[in-house]
Number of protein chains: 2
Amino acid sequence: MDEVNKVTLGVVQFACSDDVGENIATASRLVRAAAAEGANIVVVQELFEGHYFCQEENPAHFDRARPLDGHPTLAAMQALAAEYGVVLPVSLFERRNQAYYNSLVMVDDRGEALGVYRKSHIPDGPGYSEKFYFNPGDTGFRVWKTRFGTIGAGICWDQWFPEAARSMALMGAEFLIYPTAIGSEPGRPDFDSMEHWRITMRGHAGANLMPVAAANRIGTEVVNGRTQTYYGSSFIAGPQGDLRASAGREGEAVLTATFDRAIMRNERAAWGLFRDRRPELYGALAGADGG
Amino acid sequence: MDEVNKVTLGVVQFACSDDVGENIATASRLVRAAAAEGANIVVVQELFEGHYFCQEENPAHFDRARPLDGHPTLAAMQALAAEYGVVLPVSLFERRNQAYYNSLVMVDDRGEALGVYRKSHIPDGPGYSEKFYFNPGDTGFRVWKTRFGTIGAGICWDQWFPEAARSMALMGAEFLIYPTAIGSEPGRPDFDSMEHWRITMRGHAGANLMPVAAANRIGTEVVNGRTQTYYGSSFIAGPQGDLRASAGREGEAVLTATFDRAIMRNERAAWGLFRDRRPELYGALAGADGG
């Protein structure tokens, strides 16, 4: 594997229709634009095949899930990754026997599927009824070695958990990426979590001394009379939690930022945070309520 | 215990001389000012008895350590806490038999010492030679119930570790406080970690949905010809990681921010982050290198 040291991380942001082919076309157009800007890894938003159906609890939406084996959207994204030589994490609604997962397949720059990660943390609240649809992921956290470094991927709600980011960092991740679908909260018109969302992930970047990128959807979607507006604001944070690239709340976006892996590796070591951990004191993390 | 729901968190910031009595006088003056602004809990910086001696490795500085039993600075701070009815976390260089700790005694609003926390994570790098002076803390993380809520305290370097913040949150903390001494890095005149430092702790606030306060020193200190400038920038973050109060890089400061514990408790529960954790997947956190 011919490793690349200076790596450009890319993030795309767009509104989804509820037509799979249309969304693949939009994603392809933006991935191509990111590749033209030099991106080596391109993060596309969560469940980009269609509307964010978890707005409601409706058995009909289980029809959206497919097995990963022979998945046509995955095949299209693999072809895209190979064509542009980019690593593409692909977010899909997976069906496997009786189980349904919110999954991500890491596709490398030759179009090979490196493996699957299944969302570990499943939210549940008005407008985000994911516990109705998804089994809690059974893969544990995963990282993948690619030509462009070792990449750890979480999916949306995972992004709020320092345990997930830290676990991937400890497993060797050099970049953390999060496909996302987040926006307004039904019944709370004045509530906005955008800055909270960013600060929490920028905190993961700062604490783990590595870039963090999130791709969120935009636009207003109506699902059986329910309405939700996604706040975009996709971003790339640097290893000190600094905002390197940032999209607006509306409008398509292609973001890129370039990082030197060797410099970041030395800074991580010299800073000493991974050296000075005290795992023997972290027992509370293994329980639900601190004992 | 007559519990208070609306609690005002206070932070003070000042330059230390190398005279213990003078520093106690300065701390007392600022704690009084914070109390006059309604503060119920006042965070004073790390090792405020004198200069930050860890700039150099010098056996003479071990003379600064004292047993906590009968510690005159602790007694002075206990009297201060009782006089103004404030909770005061007191940072001290502790000697205990052959061991030396960077310790914190939590003093309640009646002046009672509730217990000791000993800094878990000990840094080591140019200008911050703490591994020369301090045994790694043996207490584990601690939280204390007070009239003003349950308070978790870390000490400086601890503030970079998501494990510490999360552990205290899981143990019931409602507020996280961090006495600090951080500033310039010898040999790296262009390096500044101030924003990195803030973002990482604001991330803890956002991830744990609770206020985080840090008190840092200011001023330039010369220790046997070595010079270091502390960057102040003490702050109080709200439960979404938002900056509620913020001091400059220079100049004394008294910061306060008021929080409603009952509202924060409900928001923490409704947000679901503590409900949706997956401790069975957090095995990597128990090791040094992700296995």
J.: Below 4.5 Å from any heavy atom of chain B, which atoms of A:L273 appear? Answer side chain, backbone, both or neither.
T.: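 Both backbone and side chain.
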
J.: Quick one: what part of A:P136 sits under 4.5 Å from any heavy atom of chain B, side chain, backbone, both or neither?
T.: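 Both the backbone and the side chain of A:P136 come within 4.5 Å of chain B.
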
J.: Top residue by heavy-atom pair count (under 4.5 Å) with chain A, among B:M201, B:H196, B:R202, B:R275?
T.: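 Max contact count across the listed options: B:H196.
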
J.: Do the non-hydrogen side-chain atoms of B:D276 and A:K131 ever get within less than 4.5 Å of each other?
T.: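 The answer is yes, as the side chains (C-beta and beyond) meet within the 4.5 Å cut-off.
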
J.: Taking A:R277 for the side chain and B:F161 for the main chain, is one N or O donor matched with an acceptor at less than 3.5 Å?
T.: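 No, because the side chain of A:R277 does not come within donor-acceptor range (under 3.5 Å) of the backbone of B:F161.
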
J.: Under 4.5 Å from any heavy atom of chain A, what part of B:A286 do you find: side chain, backbone, both or neither?
T.: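 For B:A286, the contact with chain A is made by the backbone alone.
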
J.: For A:S193, is it the side chain, the backbone, both or neither that has a heavy atom under 4.5 Å from a heavy atom of chain B?
T.: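 Answer is side chain: those atoms of A:S193 sit under 4.5 Å from chain B.
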
J.: If we define contacts as heavy-atom pairs under 4.5 Å, which of A:W157, A:W197, A:F141 has the most with chain B?
T.: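 Option with the top pair count is A:W157.
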
J.: Among the options A:G172, A:G137, A:A237, A:G125, pick out the one with the most heavy-atom pairs lying under 4.5 Å from chain B.
T.: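 When all of A:G172, A:G137, A:A237, A:G125 are compared, A:G137 has the most.
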
J.: Only pairs of heavy atoms separated by less than 4.5 Å count here; which of A:R188, A:R198, A:H204, A:E280 has the most with chain B?
T.: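 Option with the top pair count is A:R188.
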
J.: Looking at side-chain heavy atoms only, is the closest gap between B:L285 and A:P279 below 4.5 Å?
T.: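 Not touching, per the 4.5 Å side-chain cut-off.
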
J.: Against chain B, work out which of A:M171, A:M168, A:Q240 has the most heavy-atom pairs shorter than 4.5 Å and name it.
T.: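 Counting heavy-atom pairs under 4.5 Å, the top option is A:Q240.
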
J.: Given that the side chain runs from C-beta out, which part of A:A207 has a heavy atom under 4.5 Å from chain B: side chain, backbone, both or neither?
T.: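 Contact with chain B is through both the backbone and side chain of A:A207.
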
J.: CZ of A:R96: more than 12 outside heavy atoms within 6.0 angstrom?
T.: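 Check fails, neighbour count at 12 or below.
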
J.: Please classify the contact between A:F191 and chain B as side chain, backbone, both or neither, with a heavy-atom cut-off of under 4.5 Å.
T.: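 Side chain only.
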
J.: Heavy atoms only, distances under 4.5 angstrom: which of B:I199, B:T200, B:D124, B:L281 has the most pairs with chain A? Name it, please.
T.: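 Ranked by heavy-atom pairs under 4.5 Å with chain A, first place is B:I199.
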
J.: Using heavy-atom distances under 4.5 Å, tell me whether B:E185 contacts chain A through its side chain, its backbone, both, or neither.
T.: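 Looking at B:E185, just its side chain touches chain A.
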
J.: Tell me, do B:R166 and A:Y282 make a side-chain contact under 4.5 Å, heavy atoms counted?
T.: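 Counting from C-beta outward, B:R166 and A:Y282 never come under 4.5 Å.
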
